[in-house]
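Not measured: the values here are computed from a predicted model. All heavy atoms count here, side chains included; hydrogens, waters and symmetry mates do not.
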Amino acid sequence: MPSVPTSGCAGRDPTSRPGRDRQRAAEFKKAIIDAVEFASEHAPQLMVQTYVDEEKGLCYSFQLFQDSDAILRHWQVSDPNIAEVMKYCVVRSMEVYGNPSKAVRDGILGSVGEANVSFTPGLVGFFRLG
């Protein structure tokens, strides 16, 4: 069963000015677009969908992977793009659905922190792509 890490991040700086907020939002969106375009061509995700609420300073990314090996490969291949996006936000929460390997669990916990992530084991389901 595929694992589906999803995350929400907030990038609003309480000390920033409105003009700077618009510029940072544009830079953030560009980093996301570049990362998703790169993933579309080179990374193993089956699906990526990202949503941004500029007013609330929130971003949600839903990603579907075939298995834990695909998540590990994603981290290896996409690290520069992930780092660029993370310049503009912090992960407030991450929900992982499925049964990730110990390596994936440890990697997520190491980067996001135990307080910001929940793991929900898979039970049953199916998916159709295409």
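For the pair R105 and F119, the cation-pi criterion (under 6.0 Å, within 45° of the ring axis) is fulfilled.
Side-chain contact between V91 and M86: present, with at least one pair of heavy atoms (C-beta onward) separated by less than 4.5 Å. At a threshold of 4.5 Å between non-hydrogen side-chain atoms, the residues S118 and V96 do not count as touching. Using a 4.5 Å heavy-atom cutoff, the side chains of D34 and E84 are not in contact. Two residues are said to be in side-chain contact when any heavy atoms from C-beta on lie closer than 4.5 Å; P121 and N99 meet this criterion. Inter-residue side-chain proximity for Q45 and H74 is flagged as met; some heavy-atom pair is nearer than 4.5 Å. Taking the side chain as every heavy atom from C-beta outward, W75 and V104 approach each other to under 4.5 Å.
The heavy-atom pair separating A70 from Q66 by the smallest distance is CB-N, 4.2 Å. Considering every non-hydrogen atom in both P100 and S68, the closest pair reads CA-OG, 3.3 Å. The shortest heavy-atom contact between M94 and V112 is CE-CG2, 4.0 Å. Taking both residues in full, the closest heavy atoms of A35 and V85 are given as CB-CG2, 4.0 Å, listed atom of the first, atom of the second, then distance. Nearest heavy-atom pair, V48 versus Q63, reported as atom, atom and distance to 0.1 Å: CG2-CG, 4.1 Å.
Checked by atom type and distance alone, the side chain of S40 never pairs as donor or acceptor with a backbone atom of V36 at under 3.5 Å. Under a 3.5 Å cut-off, the side chain of S78 and the backbone N or O of N81 do not form any donor-acceptor pair.
Residues forming a salt bridge (Lys or Arg N to Asp or Glu O under 4.0 Å) with D69 (at least two apart in sequence, or on another chain): none.
Within the model, atoms CG of N116 and CD1 of I108 stand 12.5 Å from one another, a figure rounded to the nearest 0.5 Å. Put simply, CZ on R24 and NZ on K87 are 10.0 Å apart, with the number rounded to the nearest 0.5 Å. To the nearest 0.5 Å, atoms SG (C59) and CG (D53) are separated by 10.0 Å. With values rounded to the nearest 0.5 angstrom, Y60 atom OH is found 13.0 Å from T50 atom OG1. Considering CD1 of I32 and OG of S61, their distance stands at 8.0 Å, rounded to 0.5 Å.
In this structure, I33 is not a member of the same hydrophobic cluster as V52, with clusters built from ILVMFWY side-chain heavy atoms closer than 4.5 Å.
In this structure, K30 does not pair ionically with E27, as no charged nitrogen and carboxylate oxygen lie closer than 4.0 Å. Between R22 and E54 no salt bridge is recorded (no basic side-chain N to carboxylate O distance below 4.0 Å).
In this structure, F38 shares a hydrophobic cluster with V77, the cluster being traced through Ile, Leu, Val, Met, Phe, Trp and Tyr side chains under 4.5 angstrom apart.
Between F28 and Y88, the ring planes are tilted. Angles from 30° to 60° get that label.
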